[in-house]
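Note that this is a predicted model, so its numbers are computed, not measured. Naming: A, B, ... by sequence-line order, numbering from 1 per chain.
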Amino acid sequence: MRPAWRGPVTFALTLLGLGIGLWWSAPVAGLVAGAAARRGGRPFLDAALGALLAWAALDAWRVLFWRGYAQAEAVAAVAGLPGAAGAAFLLLPALVAALAAGGAAAAASAARAAAERGARGAA
Amino acid sequence: MSLEASARARRRRGTLVRAAAALVIAAASTAALAFPLGPLPALGPTFNPVTGLFAGVARDVPKRLALPGLEAPVVVEEDAYAVPHIFARNDHDLFFAQGYLVARNRMVQMDLMRRSGSGRLAEILGPKLVPADALQRILGLRRTAEAEAQRLKTDEPEIYAHLEAYAEGVNAWLEEARRAHALPAPFRLLGYVPEPWTPADSLVVQGIMTEDLALTMQPILRTIAEAKLGSTRAEALFPTVAVNEQHPYNPGPYPPDTPVDAAALKARALDFGPGAGVGGVTGGGGPAAAEGAAGGAAAGVTAGAASLGAAAAAPARGSGDGAVAAAQAEALAGLLRTLAAAAEPLALPLFDHPGNSNNWVVDGTLTDTGRPYLAGDPHLALTLPAIWYEVHLEAPDLDVYGVSIPGTPGVVIGHNRDVAWSLTNTENQQTFFYAEQVSPRQPDAYFYQGRWVKFAHDTEEIRVKGGATQRLDIRWTVHGPVLSELPGVPPLHGLTISMAYTGNLDSRDFVALDRLMRARDASEVRAALREWGSPTQNFAYATRQGDIGVISAGYYPLVPAGAKPWLLLPGTGGADWIGLIPYDRVPQIHNPSWHYAFTANQREVGPDYPYYIGTADNFFDAGYRADTIDAFLADPRNRPITREKMAELQASNRDALAARLLPAVLRAARSAPGAPAEAKQAADLLSGWDAVMKKDEAAPAVWWTFLDHYVKDVFGPWWQKSGLDSVPGLELRPNFAPLAEALEVLTTAPPDSAAYQAVDHPRGAPESWFDDPLRGVHRTRDEVIVQALAEAVQDLQARFGADPSKWRWGGLHERQIESLLQSPALGRGPYPADGDAFTPNAAGGQPSTHGPSWRMIANLADWNASWGVYPGGQSGDPTSAHYDDQLPLWLSYRYKALPFPESPGGDWVRRTFTLAPEGGSR
């Protein structure tokens, strides 16, 4: 797979996973995309951005069509925080998931590179 | 190794290190999503935008929804306020649909109530809730509910089937929500899934209302007051019947004899606890049998001989019964402090009932329609979501509109096609305390009817989130649970106190409500309410045939003549409950010749009523709301009475205490020589005031601040001298009902009148309440009034500045609608507010957190012209438009129409959907 596909693949897999309730789809998507793509590009950033966009897109869908921001504000209120802190409940999980996806992609990509080097060395 | 190979190896190592670092980042981030972070739940599953808590947002029911368990399609129509009108083909489906819809809107509230009543809050909220849970386990609410459910199943299978159908509906929603990840956010945040609903859970919720309205520590307070103030002075302030002007709804005459219904008590007693001693202690069948229980009759009295006549009910002078030593009084105060701390998270009012209520009925001779009107506004804690869920229920045998309590089937207040009804709290004494006689030589027994009887033991386990499970050994006597088992209760200097409480009797309230919802005339109303138990309630009713009335239905426990139930009672058997007031002798009135009837938690009957039902020490309301209601309904200028007039009275902010005291206060201020300028200023502001507590005026602010000072200036020195000022529940405050009544007499009655003497110089006591016993100073009434007026002005100047045009009652007094989740942002207010504790538009407290939780005016000439409103909305979801959409109406004393169609359809319908049996429709 070309490196340019790393981000879109992470985005798609994350979106798909979240849609069926698999919150851990972001790191798995990063792992898959990182392992599948050839060397090149920026594995961490590509995958992190892909996962972040997927999570954010679904957050946006909630906010726009399902009173998601009001829900987040209510959650903040229950936690005794100001309403604006509700945004953190939308953003924080997305950012952490992006880190997880980026890290997984970078790890997989590096491992693939190491393996390729090892193979070349052996040859 | 070549240089190139070495470099490759280095690069490879570097790559592996980078891979490892990235892996660590990925693993740490994944772990951060997977596991709870401190108080935060796991971020990943909780905030997954698709299946996390955002999916728990309240949503509309689809046009057609298949539900397993329904027998036939149910049509539901919602009006503009999302009030469901449920049209079902049978009772099962009707209550199923009600349970489903209520759960869909209020599951968090229902589960919190169920947990609160069952003593299971610590399971989800952690160790700080253990004392509250322990208190609730001791009070025995859940145990009673389970026993009631068993009895109901056997004795009233049809009613039990309704509870089951309701539970099935709730569980249908729970299952749907679980599958669709649609449980409300609080469940996701707290990390649990609610357990299936059961009929016993509905009885627990009903039991919470009993606790709220019937449980009180008043006799312990009174025992402390007697010990610290002396019995003479305590009796003067807290007499059986207050000596100021009262407004009983049934002024008599009453049948003079006093039969006792021992059979009813025996039938309602559970196998342990209060009433279990009637006809002999059985002790068996409880959590652990009371081994060695005494046999034979516990009370052994005949009807009449055991009842308390009015004279017998009056506190006996100087008797030793119920008296405790000073050290014990201190210890009792400590007990109350521990109880109050434990009860605080439960919002359980132990000392008085801030939630009071009004209802009244007017027959057709006084109205514009020629048919009756009924008005009702139960005053309870104002919360979001509200205590009420409004609903119209229609099936072939049932057609009723009103408000229900989330978690219970049917409606509590409302009307059917023939009858309307509303409730207020009767406030009679339903909690009694016994000092059990124990001995170190009999460590697990109490002395009862001449022998040692083993305590029944109930071992409870309280599971704790983030902590170890706690075990609690609760001892029960034949009277009830031993209160001193609550962890943290200080040593009581030899006192072992048990509590006999009507909430621990079997109460057939669901039977009564079911029959009431189906009643077609006054006789069926009366027959239905025969089944009502606790909390004792004043049911005002009106019928399409034109009948009106009030029945104060429920339990009125009786103790033998000579016993003093307003104090600690001896637990040795001589002061046990011996029966109940028979149903046909409880306070009631039917078609009074003056064409209206009203209750406002005032003492329902006059001083000649031959039974003891409670004293003036905070059992009954002071009666100032009753005064205003009575005056309004009796006033010929208000005829004919219209729906608008009824609304005007519900919104009345006239303070009858102010109206009664004002002339004397103004006289004192103007006649006192050398009165300070502030006192004169206060008098100027109060002169011409109409005693209406309007938020935008200065005079009400002056009045209430004056009253606060007046109460404290008069009684404060006595409280300080005796140490009562540190007793929880006896804090001096302007709305302390018995003190307000006493002050009224002290301020307005001629000093040589019997009423004045009874309060100020009981049994010839030379000192006056106006004297200052701390400083040994004699004061006159007028001196204290002038002092309080001056202090009021000084207070207001300090708060609002010197310019009285800037003083506003609403600046001092606000309404606060609190969130059940204790989150300020999810509550509403504070709003500057009219009214006070003595106005029909009840608004006691600063801020006022209780008040008219539902205002209804039933128009018996045209049901569709009835009105209603409550300070909240149908949805428990803060993001829903129906979370608080009735609140603006309520705040401005407006109502909404209550459409009551006979069949689906109408221009009021906003949404229609069908709940259908799963697998096709029939």
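Contact count against chain B (heavy-atom pairs under 4.5 Å) is highest for A:Gly21 among A:Gly21, A:Ala98, A:Ala106, A:Ala76. Between chain A and the residues B:Ala55, B:Gly14, B:Pro186, the most heavy-atom pairs under 4.5 angstrom are made by B:Ala55. When B:Pro878, B:Ala825, B:Gly44 are compared by the number of non-hydrogen pairs under 4.5 Å with chain A, B:Gly44 comes out ahead. Note: A:Leu58 leads A:Leu95, A:Leu58, A:Val63 in heavy-atom pairs under 4.5 Å with chain B. The most heavy-atom pairs under 4.5 Å with chain A, out of B:Val57, B:Thr51, B:Thr30, B:Ile25, come from B:Val57. The choice from A:Val75, A:Leu92, A:Ile20, A:Leu31 that makes the most heavy-atom pairs within less than 4.5 Å of chain B is A:Val75. Taking B:Val50, B:Leu189, B:Thr46 one by one and counting their heavy-atom pairs under 4.5 Å with chain A, the maximum is reached by B:Val50. Put simply, of B:Arg59, B:Gln822, B:His181, the one with the most heavy-atom pairs under 4.5 Å next to chain A is B:Arg59.
Side-chain contact between A:Trp24 and B:Leu33 is absent, with no heavy-atom pair separated by less than 4.5 Å. For the pair B:Ser880/A:Arg67, a side-chain contact is recorded, criterion being any heavy-atom separation below 4.5 Å from C-beta on. Here the side chains of A:Trp61 and B:Pro49 are not in contact, with every heavy-atom distance at 4.5 Å or above. The side-chain heavy atoms of A:Leu90 and B:Phe54, taken from C-beta on, include a pair separated by under 4.5 Å.
Between atom CG of residue B:Leu43 and atom CZ of residue A:Phe89 there is a gap of 8.5 Å, rounded to the nearest 0.5 Å. To the nearest 0.5 angstrom, B:Asn48 atom CG is 8.5 Å from A:Leu22 atom CG.
For a residue to count as touching a neighbouring chain, one of its non-hydrogen atoms must lie under 4.5 Å from one of that chain's; by this rule B:Ala31 does not touch chain A. Residue B:Ala21: no heavy atom, backbone or side chain, is found under 4.5 Å from chain A. Proximity to chain A involves both the backbone and the side chain of B:Leu23, based on heavy atoms less than 4.5 angstrom apart. Interface remark: B:Pro45 contributes backbone and side-chain atoms alike to the contact with chain A (heavy atom separation under 4.5 Å). Interface remark: A:Ala72 contributes backbone and side-chain atoms alike to the contact with chain B (heavy atom separation under 4.5 Å). For B:Ala42, no part sits under 4.5 Å from any heavy atom of chain A, backbone or side chain.
Heavy-atom neighbours of B:Tyr192 OH from other residues, nucleotides or ligands within 6.0 Å: above the threshold of 12. Under a cut-off of 6.0 angstrom, the local environment of CZ in B:Arg911 is crowded, with over 12 non-hydrogen atoms contributed by other residues, nucleotides or ligands.
For the pair A:Leu99 and B:Ser29, the tightest heavy-atom approach, listed with the atom from each and the gap, is CB-OG, 3.4 Å. A:Ala107 and B:Ala19 get closest at one heavy-atom pair: CB-O, 3.4 Å.
Formation of a donor-acceptor pair under 3.5 Å by the A:Gln71 side chain with backbone atoms of B:Leu53 is found in this model.
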